[in-house]
Structure formats: C-alpha cells, structure tokens
Amino acid sequence: MRRCVVLVVCLCMLLGLVAATGSVAAAKTKLVWQVHWSDFQVEGVYKGEGADRKLVSKGLRQYVEEYMKLHPDVEIEIQSVPMEEYLQKVLVARSSGVAPDIYGIYSLWGVQLVQNGILDAPPAAVMKDVRENYTPVSVAGATIDGKVWGIPMEVGNYCLVYNKELLKKKGFAAPPKTWKELVDMASKLTIRDKSGIITQYGFAFLAGWESAVVHPYLGLLWDVGGEFLSPDFKKCVVNSPEGVQALEAELQLFKTGGTDPAGSVWTFPQEKVAMMIMASWYEQSLKQGLGDKYDKVVGVAPVPYIKKPVNAGYTWFLAVDSASKNKKAAWDFLMWLTAEVQKPKNTTRLGDLMAETIGSLPCREIDLANHPDALNDLYTKTFVEQLKNSRPEPNVAQGAEIKTILANEIVEAWHGRKSAKQALDDAASKINEILAEFY
Amino acid sequence: MSPGAASARRRLLKRTLTGYLFLSPALVFYLVFLVIPIGMSLYISFRDWNMLVPLTSSRFVGLKNYTYLLTRDELFLIAVKNTIIYATGTVFVGMVLALGIAILLLRVRGATFWRFVMFAPVVTPSVAVARIWGGLYRPAEGLANAILRMVHLPPQQWLADPNICLYSIMLIAIWGGIGATVIVFTAGLKGIPDVYYDAAKLDGAGPWAEFKHITIPMLKPTILFLSVTGLIGAWQAFDLIFMLAVGGTEAGTSPVRSVIVLALYLYQMAFKNLRMGRACAGAFLLFLIVLGFSFIVLKVLRKGGVESYE
C-alpha cells in the first residue's frame, strides 16, 4: 500500500513537472522561418577543428539566437528547404495547416501568393521603411500591384564573368563592352577538337536552367528598347521587332561558333569557359572551384550591350504568412533584423548576413554602402555598380509558368529548331493564353 | 425459418464479419492510401485548383482540363509521345538484351558473379547513376565519345542534341534495369524442362527452332510479367530525365520538349505552374494509357507456358 502511495505521489510530481514545462513553453511566442539557405548560410562559417574551432562569419542561426536572448519570450525555429522545393513546401505546409510564420519569397512567386491571400500586408512602418531605404530594383521586386508586400532580403543581378587568363592568352587585354565585341571575341576564344566538339567555350549559356536562359535575354530585350509584357500585363509583346533583334543577337553567338547548346556555365571553374553572363551569388562557388587561382582567373565586367546597358534583376523578400498567429511578433523580429542599424558599422544584421556570409547583394542602401570589404572585392564590386542598370523581371501572375514557356522557346531557337521570330511568336501566343486567364 | 437455419445464418454472418475484421487493416490501408487519393485526384481533375486556397474554394470546370490537355497543350502531347518511346524502348529493348544475356549466362562459367555485376546498377541510387553517366556523356572528355573516336565514329552531343538525348537517357535506363530482368529471365529459362529440348533435338530442330518454338513460348508468362511491370514502371519515369536533362546537377543542356515525359510534365504542371486540376487530369490520362498498353500486352501474351502445349 505504501509503495502504491509513493508511486502515485511520484507520478503526480512528474506530471506536474511536465505540465509546468509545457506551460513555460506555451507562454513563448513561437515563430517558424522557412529559408532557402543551408549549411554555412544558416550555421555560420567556422575555421579550425575541435577546441580551436572559431566562428568567423555569423550565419542566420547566430542572429536568431541573439534575438531570442534579447527576447526570451520568443522562440524562432529555422526550417531549411532547398530552393527548388521551396514553393512546394509552402503549398504542402499550408494545405496541412502547419504553415511557417515567415517566408523568404522569390518575387516571381509573389503575385500568386498575394492574390490568394497567403501573405500578410506589412504594417505601415515596414512599408515606409522599405520605400525609403532600399534600392529601387529591390523595392520593385517586393512590390505587387503597387503595394509593398515584404522586406527585400536579397537582390540578384547579372554581369559578364570572364576568365582573365584565357582572354589574355588570345591577346585580349580587356573584356568586351558591346555585344558585337562579345560575339567577335567568343568565336576567337572557342577551341574545338578535331571532331568539332568544343573543348573551350568562348561564351557559355545554360539551357537547362530557366533563369540562365531568360534573364540574359530580358537584359538584351530591354537593352534594345523592347518589352516582355504590356504594362497592364494583358499582352505578351516579346515577339516585337526588338524582341526578335535581341534573340537574333544571342543566336549570333551560335552562328559564329562562339558557343553551342551543350555549353554550361558550371564548367567555368574548370577553365573551360572564357565568358558567361552570371549572377552575383556565384562568387563562393568560383572561389571553391578555382582555389588559389581565383584572383588570377576571375574578371567581372558589365554585361555587353547593344544600345544601352541593362541587366535583369530579381529579388527575394521576407514576408509573413497571413494565417500566422504571431504576425506582430514576426514583423517585430524582421524589423529588428533588417532595419535596426548597428553602430559603428552602420549596417543592419541582415545586411551583414547577406554581404559577409551568404555572398549575395543586400538590398538596403546603407548595407550596400557600408560593407567595403565584402562588396568591393573583385567579384561583387561590379555587380553593386551595375545595380543602377538592373531592371527587375516583371511580377506577373503565373510568373514561373510564363518564364518556363519563354525559356523553352529560346532554347528551341538556340538549337536551330525554330527561327527567332517563330520561337518568340510561339512563346507570345502561349503566354497570352495565360495572361487572358488572369488579367 | 427453422431454428437450425437461423443459427446457421448467424454462424455464417459471424464468420463473414470475422473475415472482414481480419481484412480490415489491409482494407483501411488501401482505402486511406489508394482509394481516397485516387477519388480525390479524380475530383480535383474536374476543378481549377492552385493549392494555395482550400480545395472547396476551387472552381468546377467540368472536362476543361482534359480537353485542354488533349486539344491545346502541345507539350502534353509531346510528353505522351516521348513517354511511349521511352517506355516501349526501355522495356522491350531491355528485355531482348536481357534474354540474350540470360541465355549466355546459362552457358558460361562464373555466371553468379556476372549476374551480381549486372544487378549492381539496379541497387545504385539514380542520383549516383545520373552523375556517373553525366560524366561519361560529356562531349569533350566523356568516355562515350572517346569510344566513338576509337572506332572512328563521329562524337555526339549525348545530352544536348535534341535528336538523341532521349535515347541517351533510355540507354542509361536499360543499363540500370537490365540486371533485374536478367535474373527473372534466368529463373524462367531454368524452369523450362529439358525434355522439350531433347524431344526437339530428336525431331531434328536446330538452336533457332528450339529458341523460337520452345524457349519463347515457354517464357511467355515471364515475358508477360516483365512487360507489364516494366511498362508500368517506365510510364512513370522521372528521376533520370529530371537529373540529366531538365534541371538536375548534370548537364541540363537539352531542349525540354525533346526529353519531357508525362511524370515530369505532371510534376511541373502541379508544383511549378500550380495547376493541380490539370495535373490530375493528366494523371488520369496517363492511367488510361497504362491501362490500354497493359491490356494490349495481356491480350497478345495471354497464352503461353506449359498449358499452351496441353
């Protein structure tokens, strides 16, 4: 009997302890942040092993921990999802009622998320802060139907990345400035084996990745004064004479032997590509791939132009789920991360994370201005300078589907299976069908 | 009704209920993971649903998704064509090769070792297979072109040439699956009684006549099994094509329409284009294609084996 009483008392104490722990946990505001980053971007960059292991560059987790220390009533969980699965994860999480509180949204997905009520309208203070303090291209990326829907987190744009040594070997002292120069140089830099297979690409595209197909083309299209979509998004006008001119300009690279559809930008670190149009985030991969040769090999220049320099840009922005139970806490955290200026650096925490660890361009003006070490290096400097010539891809409904259609048709032209005009006519016809559904 | 008959009915009812009770775990499993999802897919195929809103808020569109796919979506029809080429090519070419290898292996020493070697790709993850073959297919330094050069044939853009990239991937699929087919054929061949071959030899039949009139008819059940299961798997091909041609880690240089297959099309339609209704309609059309082909194969090969000699 006594044993039974002792057992019951112990059980009660245990239950009490569990309940108490639970109530402490329940008292905390929990935020879940779904990010498309992984590894060092989340965990930080460390050097050394064992006891000598030292954090040299903070990852997202260190900032989150700092916030949780300052706000013990808030608990933040980071859910890392590969970029290719990000949207699927949002759909599945929402369908099953366990949606994250905070998202990092690719601007192309934004329209549908907004139209379907997935995103919470930011507080007025957030919208004001974004409009006043961020670069125009990133504000445009986070703006849908004239309204800011989140805090720009990462802006991407394009430059010509070239192999200095390969250019020098062929007697080119400088990279091409105009598209014509690019075409001429590409054919001279291309090396083929006896059977005609290219062993060194003068210029390389990448057919299997839509952004690598569409973004360089959009840059050229805007360069020659063309437009992709009408301002009201009711019509695709990519098959205009300017659109055809832009695609013909790309096809010149194929016709003159400066490239072929088998080329791949991913072989640049193996020094098999002399020139490519690449995005700002590729720096770390180049450093890893080229090792000690990085400084000697890599050169960055503005994208060669036909009439005026333009390059396509894109934005990722931070947004809060409209179904979140802790919207205010989420926006408070995001404002702390993105708007609170740290002294004496005069930068924000997100700016530090982007510039110093992730290797992407921050969106806030002061972060671009006050990261001289990270943003003035041989790779990033030109990208920052070229932000003034960056134009965001349009935030249109079914943006991903529309982009895929355009990419597929451009690749058909690269392969010579369609003329530039035919490919763009076909793209416009299919895209118009989609636009008619939504506008 | 007499008391005896009533009691017998009660016993029968009890036995029936007991039977269903034992079956219930399997029935519940099939209901939850098969019947309900299929029913839901059919329901969604008649709706315009983007997965961002609750299904109940989606719009009923009748047969619009089906008519769109069959009459207006060029890419869907290309995917159907590619899928038919891929499935029939990988299954039937694979079977012919596997049968040849299985017959050879019955006559060579160390057959077990060779079967093991042939089976290794079957258990290799497709990501690894894609990486290895992506390297072999590289135009400038890949082994495939090195072999072609050795025999004085022109090198190929294996994964970039729209005219051959689907066939290049089919070759990998055949290589990856041939081991399992060889094992099944070996079992089938070993099951044919020697007495038939002895009788044929007495009648003066040569090796080709033996193969044609004994081996093939006796292997019909095996061929039927391999055809149906192979085709069902091949219709759903996704991983290799995704990794090697459409957005994976290797290459990614071929035009999508020259390699797109139905499973890939459905994935893109659902999760990239956010058109789940259209994707479900496509899935049902795929189901009809699989059913149709399976029916044809069953019809053609319905007789075979020992019973056809009786």
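Just so you know, these numbers use all the heavy atoms, side chains as well, and skip hydrogens, waters and symmetry mates. Naming convention: chains lettered A, B, ... in sequence-line order (proteins, then strands); numbering from 1 in each chain.
- For the atom pair CD1 (A:I197) and CD (B:Q156), the distance works out to 7.5 Å, reported to the nearest 0.5 Å.
- Here the straight-line distance linking atom CZ of B:R275 with atom CD1 of A:I434 works out to 5.5 Å at 0.5 Å rounding.
- Salt bridge A:E409/B:R257: present, at least one basic N to carboxylate O contact under 4.0 Å.
- Heavy atoms closer than 4.5 Å to chain A are found in the side chain of B:N145, but not in its backbone.
- The CG atom of A:D260 sits 5.0 Å away from the CD atom of B:Q157 when rounded to the nearest 0.5 Å.
- Taken to the nearest 0.5 Å, the CH2 atom of A:W109 stands 10.0 Å off from the CG atom of B:L274.
- Taking all atoms of both residues into account, the shortest heavy-atom contact from A:L91 to B:F271 is CD1-CD2, 4.5 Å.
- In this structure, the side chain of A:Q398 engages the main chain of B:N273 through a donor-acceptor pair within 3.5 Å.
- Residues A:D193 and B:R149 meet the side-chain proximity criterion, which asks for heavy atoms closer than 4.5 Å.
- In terms of non-hydrogen atom pairs under 4.5 Å with chain B, the most contact-rich of A:E401, A:E210, A:Q115 is A:E401.
- In A:K169, the NZ atom is not crowded: 12 or fewer heavy atoms of neighbouring residues, nucleotides or ligands sit closer than 6.0 Å.
- The distance from the CD atom of A:E84 to the CZ atom of B:F242 is 7.0 Å, given to the nearest 0.5 Å.
- For the pair A:Q270/B:E141, no side-chain contact is recorded, criterion being any heavy-atom separation below 4.5 Å from C-beta on.
- Both the backbone and the side chain of B:P139 have a heavy atom closer than 4.5 Å to some heavy atom of chain A.
- Across all their heavy atoms, B:P162 and A:R417 have their closest contact at CB-NH1, 3.1 Å.
- With a 4.5 Å cut-off on non-hydrogen atoms, A:I402 does not touch chain B at all.
- Summarising the local packing, OH of A:Y439 is surrounded by more than 12 heavy atoms from other residues, nucleotides or ligands at distances under 6.0 Å.
- Chosen from A:K430, A:K194, A:E433, the residue pairing most often with chain B at heavy-atom distances under 4.5 Å is A:E433.
- Taking CG of B:L148 as the reference point, atom OG of A:S195 lies at 9.5 Å (rounded to 0.5 Å).
- Residue contact with chain A, scored on non-hydrogen atoms closer than 4.5 Å, is absent for B:Y137.
- Only the side chain of A:T404 comes within less than 4.5 Å of a heavy atom in chain B; its backbone stays farther off.
- Scanning all heavy atoms of the two residues, the minimum distance from B:L52 to A:I118 falls at O-CD1, 3.3 Å.
- Counting non-hydrogen atoms of neighbouring residues, nucleotides and ligands closer than 6.0 angstrom, the CZ atom of B:F60 exceeds 12 such neighbours.
- Under a cut-off of 6.0 angstrom, the local environment of CZ in B:F287 is sparse, with at most 12 non-hydrogen atoms contributed by other residues, nucleotides or ligands.
- Annotation for A:K255: atom NZ counts as buried by contact number, over 12 foreign heavy atoms lying within 6.0 Å.
- Contact residues of residues 94-101 of chain A toward chain B are A:R94, A:S95 (heavy-atom distance under 4.5 Å).
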